[in-house]
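Working notes, beginning with the structure itself.
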Amino acid sequence: MSDEQDAIRVAVLGARGRMGAEVCKAVDAATDMKLVAAVDQGDALADLADAGAQVVVDFTTPDVVMDNLRWCVDQGIHTVVGTTGFTEQRLEQVRGWLADKPGVGVVIAPNFGIGAVLMMQFAARAARYFESVEIIEQHHPGKLDAPSGTATHTARLIAAARAEADLGPVPDATKDEVAGARGADIDGVRVHAVRATGLVAHQEVLFGTTGETLTIRHDSYDRVSFMPGVLLAVRAVPTRPGLTVALDPLL
Ligand SMILES: NC(=O)C1=CN([C@@H]2O[C@H](COP(=O)(O)OP(=O)(O)OC[C@H]3O[C@@H](n4cnc5c(N)ncnc54)[C@H](OP(=O)(O)O)[C@@H]3O)[C@@H](O)[C@H]2O)C=CC1
Ligand SMILES: O=C(O)C1=N[C@H](C(=O)O)C[C@H](O)C1
């Protein structure tokens, strides 16, 4: 148990949301952290600085996260970001901001579930051995974006592994007679997004080659599944200046 004065002072952005509310509970329950601010839509970002936050955790929306992050970096506050929508272009922008703030750390992870991180690692490892691959992500219908950040990240990892192994394009003679029938194309990997009440966050990566298929699947049945990864990132980010993308380097 840490002394109150040694506790990491954590603020949550998007605190009334599905993830933000869960993060507030997890931080409250962690003996080495103190929840100093819970900020949502309509609240002032200045509340985070006034509360003396050392680490901000952002689970908001893809359209506001860049402004939030820019503000935090400018204030010199370490930030852990779970919000999706991070293209390579956005990541480059964040690296640019951090170049002017050498002591500040930012961790951006498409998925904080340890099982999900392993699922992505296993998929990247399997990719070179299978000529076919498709990703099926399944989420609750309140999700604002598609495909999921996890599916996009997985597709990029698989595409990089295929390129390294000189695999060439995934074989597919199908003519897409109805737009979208074959899903989205992310770096040459087809991604299908399912939304249904009852689901939380799930993903299957389906590989195929002559005479066999391999399915790698991960299921988050409850948002508590993301909390060990979020707390891990909160503890790590003050000592990791610059940008860390994904949870893998922290495991
Ligand atoms: N990396 C990971 O492991 C995970 C990532 N996610 C991602 O996290 C994000 C949030 O997901 P989820 O919690 O389900 O979404 P929610 O819509 O439940 O929560 C988002 C919250 O952010 C609030 N918000 C909107 N704009 C601002 C703002 N400018 N400042 C502060 N708060 C704001 C919203 O308020 P209001 O509703 O009033 O607009 C809402 O309370 C998504 O991008 C999702 O994909 C989700 C799960 C795991
Ligand atoms: O919105 C969600 O719920 C989730 N979002 C993240 C994503 O888009 O990958 C992580 C997880 O899938 C849950």
Side-chain angles (χ1 to χ4, degrees), residues 18-19 22-23 26-27 29-30 57-59 80-86 88 91 105-140 143 145-165 167 170 183-184 186-194 198-209 212-237 239-240 243-251:
R18 286 173 286 257
M19 281 297 289
E22 203 62 54
V23 174
V27 169
V57 180
D58 186 302
F59 280 96
V80 171
V81 182
T83 309
T84 45
F86 280 88
E88 196 44 54
L91 294 174
V106 172
V107 174
I108 300 176
N111 200 311
F112 284 98
I114 307 297
V117 174
L118 292 173
M119 173 267 294
M120 289 186 263
Q121 291 180 1
F122 297 157
R125 169 130 195 248
R128 63 181 295 113
Y129 303 108
F130 294 87
E131 65 177 19
S132 293
V133 57
E134 306 234 345
I135 297 173
I136 306 101
E137 57 97 325
Q138 306 184 346
H139 283 84
H140 58 94
K143 183 165 177 58
D145 56 326
S148 69
T150 307
T152 302
H153 190 69
T154 312
R156 289 186 187 137
L157 293 175
I158 289 170
R162 289 178 68 88
E164 200 176 308
L167 275 190
V170 173
I186 309 243
D187 291 356
V189 178
R190 291 283 165 183
V191 180
H192 310 270
V194 177
L199 295 176
V200 177
H202 317 260
Q203 180 165 296
E204 261 182 38
V205 185
L206 171 63
F207 291 102
T209 190
E212 64 173 329
T213 62
L214 169 68
T215 304
I216 301 174
R217 182 180 173 103
H218 174 260
D219 297 276
S220 272
Y221 299 109
D222 190 302
R223 290 181 181 83
V224 295
S225 61
F226 303 112
M227 295 307 122
V230 171
L231 297 186
L232 178 71
V234 168
R235 290 184 183 111
V237 73
T239 57
R240 289 188 73 89
L243 177 61
T244 303
V245 178
L247 213 57
D248 309 63
L250 308 187
L251 294 180

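Heavy atoms only: backbone and side chains are in, while hydrogens, waters and symmetry mates are out. FYI, the numbering just counts along the sequence from 1.
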If only atom types and distance count, is the side chain of [X] paired as donor or acceptor with the main-chain N or O of [Y] below 3.5 Å?
{"X": "Arg162", "Y": "Glu131", "value": "yes"}
{"X": "His218", "Y": "Ile216", "value": "no"}
{"X": "Ser225", "Y": "Gly113", "value": "no"}

Please report the closest heavy-atom contact between [X] and [Y], naming both atoms and the distance.
{"X": "Ala30", "Y": "Leu231", "result": "CB-CD1, 4.4 Å"}
{"X": "Ala123", "Y": "Thr154", "result": "CB-CG2, 4.2 Å"}
{"X": "Val81", "Y": "Phe86", "result": "CG1-CE1, 3.7 Å"}
{"X": "Gln203", "Y": "Ser148", "result": "OE1-OG, 4.2 Å"}
{"X": "Ala184", "Y": "Pro147", "result": "CB-CG, 4.5 Å"}
{"X": "Ser220", "Y": "Phe226", "result": "OG-CZ, 3.6 Å"}

Are side-chain heavy atoms of [X] and [Y] found at a separation under 4.5 Å?
{"X": "Val80", "Y": "Phe112", "answer": "yes"}
{"X": "Val189", "Y": "Glu134", "answer": "no"}
{"X": "Asp219", "Y": "Val200", "answer": "no"}

- [ ] Assess the side chains of Glu137 and Thr150: does a donor N or O sit below 3.5 Å from an acceptor N or O?
- [x] no
With sequence neighbours left out, the residues meeting salt bridge (Lys or Arg N to Asp or Glu O under 4.0 Å) with Arg240 are none
Asp145 meets the salt bridge (Lys or Arg N to Asp or Glu O under 4.0 Å) criterion, sequence neighbours left out, with Lys143
Worksheet item: Using 30° and 60° as the class limits, which term best fits the ring planes of Phe130 and Phe207: parallel, tilted or perpendicular?
Response: tilted
Gap between atom [atom2] of [Y] and atom [atom1] of [X] - 0.5 Å precision:
{"X": "His140", "Y": "Arg18", "atom1": "NE2", "atom2": "CZ", "answer": "4.5 Å"}
{"X": "Asp58", "Y": "Met19", "atom1": "CG", "atom2": "CE", "answer": "11.0 Å"}
{"X": "Ile186", "Y": "Ile135", "atom1": "CD1", "atom2": "CD1", "answer": "8.0 Å"}
{"X": "Ile108", "Y": "Leu247", "atom1": "CD1", "atom2": "CG", "answer": "13.0 Å"}
{"X": "Thr84", "Y": "Asn111", "atom1": "OG1", "atom2": "CG", "answer": "10.5 Å"}
{"X": "His192", "Y": "Glu204", "atom1": "NE2", "atom2": "CD", "answer": "11.0 Å"}

Does atom CZ of Arg125 have more than 12 heavy-atom neighbours from other groups under 6.0 Å away?
-> no
Practice problem: Go through the steps to decide whether Phe59 and Val230 satisfy the test side chain to side chain contact (heavy atoms under 4.5 Å, CB included), and finish with yes or no. | Solution: CA-CA 11 Å; Phe59 280 96; Val230 171; 4.0 Å; yes
The residue among Val191, Thr215, Val194 that forms side chain to side chain contact (heavy atoms under 4.5 Å, CB included) with Ile136 is Val194
